[in-house]
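See below for the structure under consideration.
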Amino acid sequence: MNAVMLTSYPRTLTVVAVLLTLLMLAYGGAMDAVYPSLLGVFEWLETTWFGVIGKTWGAAFAFVEAVHLLGLALLGGCVLAGDGRLLGVVLTDVPVQTVVERTHRIFVFGLSICIATGIFMACGVATKIYYLPVYWFKMLALSAGMLFHFQIRRPLLGHDIQNLNPVVVKMVAVASMLVWFMVAATGRWIGFSG
Amino acid sequence: MNELIYNLAVWLDDTEWSRMLHESYYMYNWVESTHVLTLMVSLGMLFLIDLRMLGLALPDVPASRIAERLNVPMLIGFAVMFITGILLFYAVPVRTSQSLWFRIKMVLLVACAVNAFLFHKRMNESVVTWDIEPRAPSRIRLGAMLSLTFWSIVVVCGRFIAYDWFDCDTSPNTLIDIVSGCVDGQTRF
């Protein structure tokens with residue numbers, strides 16, 4: 001049974017191992033050793049062009065925040081449409097493969113907008129977010145979301161959906177929605193912290 | 001008119017629930033977070049519909065099917081945003097009603113509603129002739145472009161409300177004061 005699992009889901013198991021390693025690094029004491037040395041990186045980020053613009057020109061920072069939200073809307077729409085279809089809630093008369101495949105490119109576009117604007121915003125408030133636990137939660141959630149999407153969800157749904165266990169497909173959809181909701185919610189909470 | 005709005009806002013501000021909502025750290029943040037995160041449902045669905053009309057999303061799925069099937073979650077999202085938006089206004093009524101960005105946002109929301117009405121009307125009239133085309137006719141595409149533009153500016157204005165650049169007590173510019181509806185001798189902010 002264990003051997004079958006290992007050969008059937010190597011990619012999934014690798015991702016789980018990576019995430020567990022990240023969690024152990026974050027909460028198992030290793031992060032405490034690395035954390036002080038990261039302060040220099042965050043201080044440097046504030047001296048970059050992005051950091052200087054973000055700190056001194058409030059309107060630019062606010063505008064980029066709004067673009068970040070637009071990227072999030074695009075990303076969220078694709079996640080909800082794709083995962084909603086996997087759950088049989090929306091677009092039920094459109095083939096699953098079509099919805100999942102066609103929304104993927106827009107998802108990547110939305111994610112790229114979020115990451116680009118997120119880097120800009122992080123540079124502007126780097127020494128503030130460095131001390132915020134919720135920022136590190138968000139980075140963990142984002143890593144989990146990206147690993148899950150590109151290493152588990154997409155390869156899995158690349159197979160013929162009819163041959164997949166419906167329970168697994170629904171679990172993937174629920175997990176996908178939860179992880180991206182977590183990314184968005186922790187991101188929002190950064191604004192309320194500090 | 002501005003004095004009427006100001007007096008109404010002061011009256012709202014005096015109600016106990018407004019004060020409680022404003023002063024409750026968690027409740028206010030929960031309402032604001034819900035308002036922002038529901039963007040993923042409302043605007044997420046709307047963007048997919050608009051992008052379909054422009055031929056940039058799901059081009060091989062009939063346009064009417066995308067519009068009809070995503071309409072329900074989109075409207076649920078907008079309903080939640082509407083309720084949480086009213087609550088956010090209710091929590092800080094005086095400052096919000098005199099915010100330049102809030103006023104632009106309200107005008108744009110009306111423009112969005114009119115555009116959505118015209119968009120659906122035009123689409124329902126002609127969709128049978130182009131439903132399976134990857135791109136909608138130019139009139140429909142114009143409506144989709146306007147929708148994307150208006151809603152993007154709505155989000156920008158919504159984000160800008162949090163900043164105090166043009167608040168009545170900080171802005172020395174008379175024109176901005178007039179547009180923002182600042183009232184002479186106002187005591188509440």
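Keep in mind it's a predicted model, so treat the numbers as computed, not measured. Letters A, B, ... mirror the listed sequences (proteins, then strands); counts begin at 1.
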Original post:
Taking all atoms of both residues into account, what is the closest heavy-atom pair of A:Ala73 and B:Phe47, and its distance?
Top reply: CB-CE1, 4.0 Å
Subject >> Closest heavy-atom pair and its distance - A:Gly77, B:Leu48 >> reply: O-CD1, 3.6 Å
Original post:
Is it the backbone or the side chain of B:Leu51 that comes under 4.5 Å from a heavy atom of chain A, or both, or neither?
Top reply: side chain
Original post:
At a heavy-atom separation under 4.5 Å, does B:Val156 approach chain A through its side chain, its backbone, both, or neither?
Top reply: both
Original post:
Members other than B:Ile86 in its cluster, when Ile, Leu, Val, Met, Phe, Trp, Tyr link by side-chain heavy atoms under 4.5 Å?
Top reply: B:Phe82
**OP:** Would you mind listing the cluster partners of B:Ile76? Hydrophobic ones only (ILVMFWY), side-chain contacts under 4.5 Å, chaining allowed.
**Re:** B:Val72
**OP:** Kindly compute the distance separating CG (A:Leu70) from CG (B:Leu43), expressed to the nearest 0.5 Å.
**Re:** 7.5 Å
**OP:** Output the distance between atom CG (B:Leu37) and atom CG (A:Leu69), rounded to the nearest 0.5 Å.
**Re:** 9.0 Å
Original post:
Taking only residues two or more places apart in sequence, or in another chain, which ones meet A:Phe137 in a ring pair (Phe, Tyr, Trp, His ring centres under 6.0 Å)?
Top reply: none
Subject >> Winner by heavy-atom pair count (cut-off under 4.5 Å) against chain A, out of B:Met40, B:Met45, B:Met74 >> reply: B:Met40
[X] atom [atom1], neighbour heavy-atom count above 12 within 6.0 Å:
X: A:Tyr35; atom1: OH; value: yes
X: B:Ile132; atom1: CD1; value: no
X: A:Met139; atom1: CE; value: yes
X: A:Phe109; atom1: CZ; value: no

Is there a path from [X] to [Y] through hydrophobic residues (I, L, V, M, F, W, Y) whose side chains come within less than 4.5 Å of each other?
X: B:Ile104; Y: B:Ile5; result: no
X: B:Phe102; Y: B:Val107; result: no
X: A:Phe61; Y: A:Val52; result: no
X: A:Val18; Y: A:Met24; result: no

Subject >> Choice from A:Leu80, A:Val89, A:Val90 maximising heavy atom contacts with chain B below 4.5 Å >> reply: A:Leu80
Original post:
Contact part of A:Ile106 toward chain B, heavy-atom cut-off under 4.5 Å: side chain, backbone, both or neither?
Top reply: side chain
Subject >> side chain to side chain contact (heavy atoms under 4.5 Å, CB included) assessment of A:Leu91 paired with B:Val61 >> reply: CA-CA 10 Å; A:Leu91 294 167; B:Val61 180; 5.5 Å; no
Below 3.5 angstrom, are there any donor-acceptor pairs between chain A and chain B, and if so, which atoms and how far apart?
unit_1   : atom_1 : unit_2   : atom_2 : d
A:Glu65  : OE1    : B:Arg159 : NE     : 3.2
A:Glu65  : OE1    : B:Tyr163 : OH     : 2.6
A:Gly77  : N      : B:Met40  : O      : 3.4
A:Asp93  : O      : B:Arg65  : NH1    : 3.1
A:Asp93  : OD1    : B:Arg69  : NE     : 3.2
A:Asp93  : OD2    : B:Arg69  : NE     : 3.0
A:Asp93  : OD2    : B:Arg69  : NH2    : 2.4
A:Arg102 : NE     : B:Asp60  : OD1    : 3.2
A:Arg102 : NE     : B:Asp60  : OD2    : 3.1
A:Arg102 : NH2    : B:Asp60  : OD2    : 2.5
A:Arg188 : NH2    : B:Glu32  : OE1    : 3.0
A:Phe192 : O      : B:Tyr25  : OH     : 3.0

